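All figures in this text were calculated on a predicted structure; none of them were measured in a lab.
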Amino acid sequence: MSASTMTTDKVAEPRRSRHRGDVPRPRGGSFAKALRRNLTAHGFLIGAVLCFSFFSWYPMVREFLLAFQKTEGGRTTWAGWSNLTTVFNDPAFWQAWRNTALFTVLALVLGFAVPFLVAVVLNEFRHAQGYLRMLVYLPVMLPPVASVLLFKYLYDPGYGLFNEILGFFGLPAQQWLQDPDTSMLSVVIAATWMNMGGATLIYLAALQGIPGELYEAAELDGAGVLRKIWHVTVPQTRLILSLMLLMQIIATMQVFVEPFLLTGGAGPEGSTTTVVYLIYQYAFNFNNYGAAAALGLVLLVLLAGFSAVYVKLSRAEDE
């Protein structure tokens, strides 16, 4: 064998080994590090699932069972449909649903439209937009109790700011929270001011994602401000508007803090009694936890059914 042949074999040997498809085995330290990293990730995931199960799933299951049980003298017995019968036969049940529906409608008119319009206005500013965003979001950062007490001062029939403004224009003073005709509207105004910041920032983020060429094309076609909003802004933000509408309805159907702190819960002649406040009364004023759970179950089924129908209609529209 010649020297040149031996040299060629030595050079070709490692070249052949590269094409065998052998994967180098990880070192023991790398394998242990990957195992520890995965265990840590699964540990955080398991902790989150346990917390969610304990604070979300367990209360829902417990409420479902409690809705068909009755506790008397420390003994819990099966009550069947009696709790639901008690709830449906209560005159306050239907009044609470009417008030909740009224609050939802008024909150959609103000709490759904106003944040969108504010976001449209903020989107036109080219300077100090960060400061304006902070200013709009500031009410959300305030404690709800502080915000409600502020509005309670503004609504005061004697020295409140709102009546001072009415007096400046020569209008008669109003009993904002004491009049059954204006108490619910007063609660809606306070709730809108307290919660509009988050929705405004979401709408503003959606508006800033709209291509500017669409507005330029609309201007070339002679579209004014309202036509640009209707034909460009609304279609481009339809998805986020639909999602926020669903979240707004679910949130307003569960209103409790604002009427409870502003009007004591029931309000004048029961004008601000909501479904969630009636649940509170059953549980903590009447000590009837079965009826409270039954009413909560009715609210849960209603909101779940509404959400399912809404999602189905949205999918059919997209198809």
Would you find more than 12 non-hydrogen atoms of other residues, nucleotides or ligands less than 6.0 Å from [X] atom [atom1]?
{"X": "F286", "atom1": "CZ", "result": "yes"}
{"X": "F284", "atom1": "CZ", "result": "no"}
{"X": "F256", "atom1": "CZ", "result": "yes"}

Main chain of [Y], side chain of [X]: is a donor-acceptor contact present, judged purely on distance under 3.5 Å?
{"X": "Q208", "Y": "N123", "result": "no"}
{"X": "N285", "Y": "Y280", "result": "no"}
{"X": "N195", "Y": "A191", "result": "yes"}
{"X": "T252", "Y": "I249", "result": "yes"}
{"X": "T274", "Y": "A96", "result": "no"}
{"X": "N99", "Y": "T273", "result": "yes"}
{"X": "Q281", "Y": "Y277", "result": "no"}
{"X": "T182", "Y": "Q175", "result": "yes"}
{"X": "S147", "Y": "M194", "result": "no"}

Cluster question for you: counting only ILVMFWY and a side-chain heavy-atom cut-off of under 4.5 Å, with indirect links fine, are [X] and [Y] together?
{"X": "L66", "Y": "V275", "value": "no"}
{"X": "V105", "Y": "F306", "value": "no"}
{"X": "V61", "Y": "F54", "value": "no"}
{"X": "L149", "Y": "V257", "value": "yes"}
{"X": "V148", "Y": "V145", "value": "yes"}

For the atom pair [atom1] ([X]) and [atom2] ([Y]), what is the distance rounded to the nearest 0.5 Å?
{"X": "I46", "Y": "S53", "atom1": "CD1", "atom2": "OG", "answer": "11.5 Å"}
{"X": "L185", "Y": "F103", "atom1": "CG", "atom2": "CZ", "answer": "10.5 Å"}
{"X": "F125", "Y": "Y131", "atom1": "CZ", "atom2": "OH", "answer": "12.0 Å"}
{"X": "L50", "Y": "L45", "atom1": "CG", "atom2": "CG", "answer": "9.5 Å"}

Just say parallel, tilted or perpendicular for the rings of F52 and W57, cut-offs at 30° and 60°.
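The rings of F52 and W57 stand perpendicular, inter-plane angle above 60°.
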Using 30° and 60° as the class limits, which term best fits the ring planes of Y155 and W176: parallel, tilted or perpendicular?
tilted
For a 4.5 angstrom cut-off between non-hydrogen side-chain atoms, does [X] reach [Y]?
{"X": "E63", "Y": "Y289", "answer": "no"}
{"X": "L108", "Y": "Q248", "answer": "yes"}
{"X": "N163", "Y": "Q174", "answer": "yes"}
{"X": "Y203", "Y": "T237", "answer": "no"}

Looking only at the side chains, is there a donor atom on one of T263 and S183 sitting less than 3.5 Å from an acceptor on the other?
no
Walk me through whether L201 and V136 qualify under side-chain contact (heavy atoms from CB on, under 4.5 Å).
CA-CA 8 Å; L201 295 187; V136 170; 5.5 Å; no
Do you know which two heavy atoms are closest between [X] and [Y], and how far apart they sit?
{"X": "V87", "Y": "A291", "value": "CG2-O, 3.5 Å"}
{"X": "Q254", "Y": "V276", "value": "CA-CG2, 3.5 Å"}
{"X": "A79", "Y": "K70", "value": "CB-CB, 3.8 Å"}
{"X": "P172", "Y": "L166", "value": "O-CD1, 3.6 Å"}
{"X": "K228", "Y": "E219", "value": "NZ-OE2, 3.1 Å"}
{"X": "S271", "Y": "Q95", "value": "N-NE2, 4.4 Å"}

Donor-acceptor contacts, no H, no angles, side chain residues 109-119, under 3.5 Å, sequence neighbours left out:
none

Under the criterion side-chain contact (heavy atoms from CB on, under 4.5 Å), I'd like the reasoning laid out for N83 against Y282: C-alpha separation, chi angles, the key distance, then a yes or no.
CA-CA 11 Å; N83 290 325; Y282 279 135; over 6 Å; no
Start with the C-alpha gap between L102 and V188, add the side-chain angles, then the distance that decides, and say whether side-chain contact (heavy atoms from CB on, under 4.5 Å) holds.
CA-CA 10 Å; L102 176 61; V188 171; over 6 Å; no
Show your working on side-chain contact (heavy atoms from CB on, under 4.5 Å) between F64 and L300 and close with a plain yes or no.
CA-CA 10 Å; F64 180 80; L300 173 64; over 6 Å; no
